[in-house]
Amino acid sequence: MRLTILGGGGFRVPLVYGALLADRAEGRVSHVTLYDEDPDRLAAMARVLADQAAASGAADAPAVTATGDLDEALRGADFVFSAIRVGGLEGRAADERIALAEGVLGQETVGAGGVAYGLRTVPVAREIARRTARIAPDAWVINFTNPAGVVTEAMAEELGDRVIGICDSPVGLGRRIARLLGARPGEAWIDYVGLNHLGWVRGLRIGGRDELPRLLADPEALESFEEGRLFGADWLRSLGAIPNEYLHYYYFNRDTVRAYQEAKQTRGAFLRDQQRGFYAEAGRPGQPAGEALAAWDRTRAEREATYMSENREVAGVGEREESDLESGGYEKVALALMRAIARDERATLILNVRNGTTLSVLDPEAVIEVPCLVDANGAHPVSVAPLPLHAVGLVTSVKAAERAVLAAAASGSRADAVKAFALHPLVDSVAVARRLLDGYAAEHPGLAYLR
């Protein structure tokens, strides 16, 4: 099989390639094409992957080619993995800074930052979808480009059910809960429902029995893992569910905004500076074999250790536990998804797919994040119980903001873009929404289409 990675110079590409190296099954990926518009990042990442292949000792490691030509990258692909970042980390840092100056959250997928990121990403994602439909009509597209829900929905306009969104947050959350309850993650059925970065674990069945109430009844166990420490046992017991970590931005919004405003630098600025150093080191010519991979390993360890540090400060829980530093596993989800489709190895995975009739509060085209049964015909969302009222409010208001992003990206309408900001529950003022759009439009050339 041939896999194309869009955003092939991106920092997380070695996670995907490492999973492919570990896959010894028949019919596995034999060729990887990296596509990126930045030749320096592309060259640096090719060196890291070459170091990975050499370190693995595999004689049949997937071949790697790199290109800056999108059509060439798509041609002949069986799977396309989309992980682009429109505007780069400089754009993310600007998203955060402009929002915080207005007193609202600028996180890359949540709140004003997520709306801004979506407005400049959706037009690019739609064009990629159109090109894929024309050049590789039989390919399956796996989307990890953020904000993953709205981007997957935009691509589905062209590709239908042949685009599937993935995220590592539900995987990591389900794994932590399963292990706490004494089960192997693969043995547990996770009742998870919501939108991307806006979902809840409402049950976890082991051997047909829901064991989540046992966890909710144990305050000490509840506060022994990442989400429990972030939200606190009392709030989780009030909800009767375990929220995705990104809901901390909603449930503790004022506290988090204040912590971000007081931080030395935003997360985007930290990653921009950190990765600038990494790519300079990894791309340096004449370095010994293995050095590029070693630089990537060091950078990744620091990146994982500092993840959501402001949120942990708000919760008063200090540094991340060693058990929480393990990768969420999006590369494993991607590989499992490719296996299930290519080999008809049926799997159950939490994915971002079109709703159909799964959630009655949303229309069939809305992309949601739920457990899916996957086979050679794609991903099929399972039936889920209705959302509680508090979750309905958040899900429908965020989906309304996402739909305004899609409308603005299609029409170029400034009014639709203002609406996208103003409807989001973490932007509480139409006047603020207008100022946000003015600030982002002045900063980002990718928003020049809005008028």
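Everything numeric here is computed off the predicted structure, so don't read it as measured data.
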Next item on the list: Applying side-chain contact (heavy atoms from CB on, under 4.5 Å), run through Q265 and D273 and close with a yes or a no.
Entry: CA-CA 10 Å; Q265 63 179 168; D273 296 345; 3.3 Å; yes
Margin query: Would N244 and W200 count as a side-chain contact (heavy atoms from CB on, under 4.5 Å) here? Give the steps.
Written below: CA-CA 6 Å; N244 182 297; W200 298 261; over 6 Å; no
Next item on the list: Evaluate side-chain contact (heavy atoms from CB on, under 4.5 Å) for V150 paired with L406, printing each intermediate quantity in order.
Entry: CA-CA 8 Å; V150 69; L406 294 173; 3.8 Å; yes
Margin query: L105 vs L100, test: side-chain contact (heavy atoms from CB on, under 4.5 Å). Steps then yes/no.
Written below: CA-CA 6 Å; L105 186 70; L100 289 172; 5.5 Å; no
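Under the 3.5 Å distance criterion, the side-chain polar atoms of E108 are left unmatched by any main-chain donor or acceptor of R92. No side-chain donor-acceptor contact under 3.5 Å links E227 to the backbone of L173.
When each of N146, V122, V110 is paired with Y117, the side-chain contact (heavy atoms from CB on, under 4.5 Å) condition holds for N146 and for no other.
Residue V151 comes nearest to A125 through the heavy atom pair CG1-CB, 3.7 Å, listed as atom of the first residue, atom of the second, then distance. Of all non-hydrogen atoms in E365 and R403, the two that sit nearest each other are C-NH2, 3.7 Å.
Around atom CD of E37, no more than 12 heavy atoms belonging to other residues, nucleotides or ligands sit under 6.0 Å away. For R346, the CZ atom is loosely surrounded, since the number of other residues' heavy atoms within 6.0 Å does not exceed 12.
In this structure, R176 forms no cation-pi arrangement with F225, as its terminal cationic atom is not both closer than 6.0 Å to the ring centre and no more than 45° off the ring axis.
In this structure, F278 and F11 have perpendicular ring planes: the angle between them is above 60°, well past the 30° mark. Ring-plane geometry between Y330 and F144 is classed as parallel, the angle between the planes falling under 30 degrees on a 0 to 90 degree scale with a further cut at 60.
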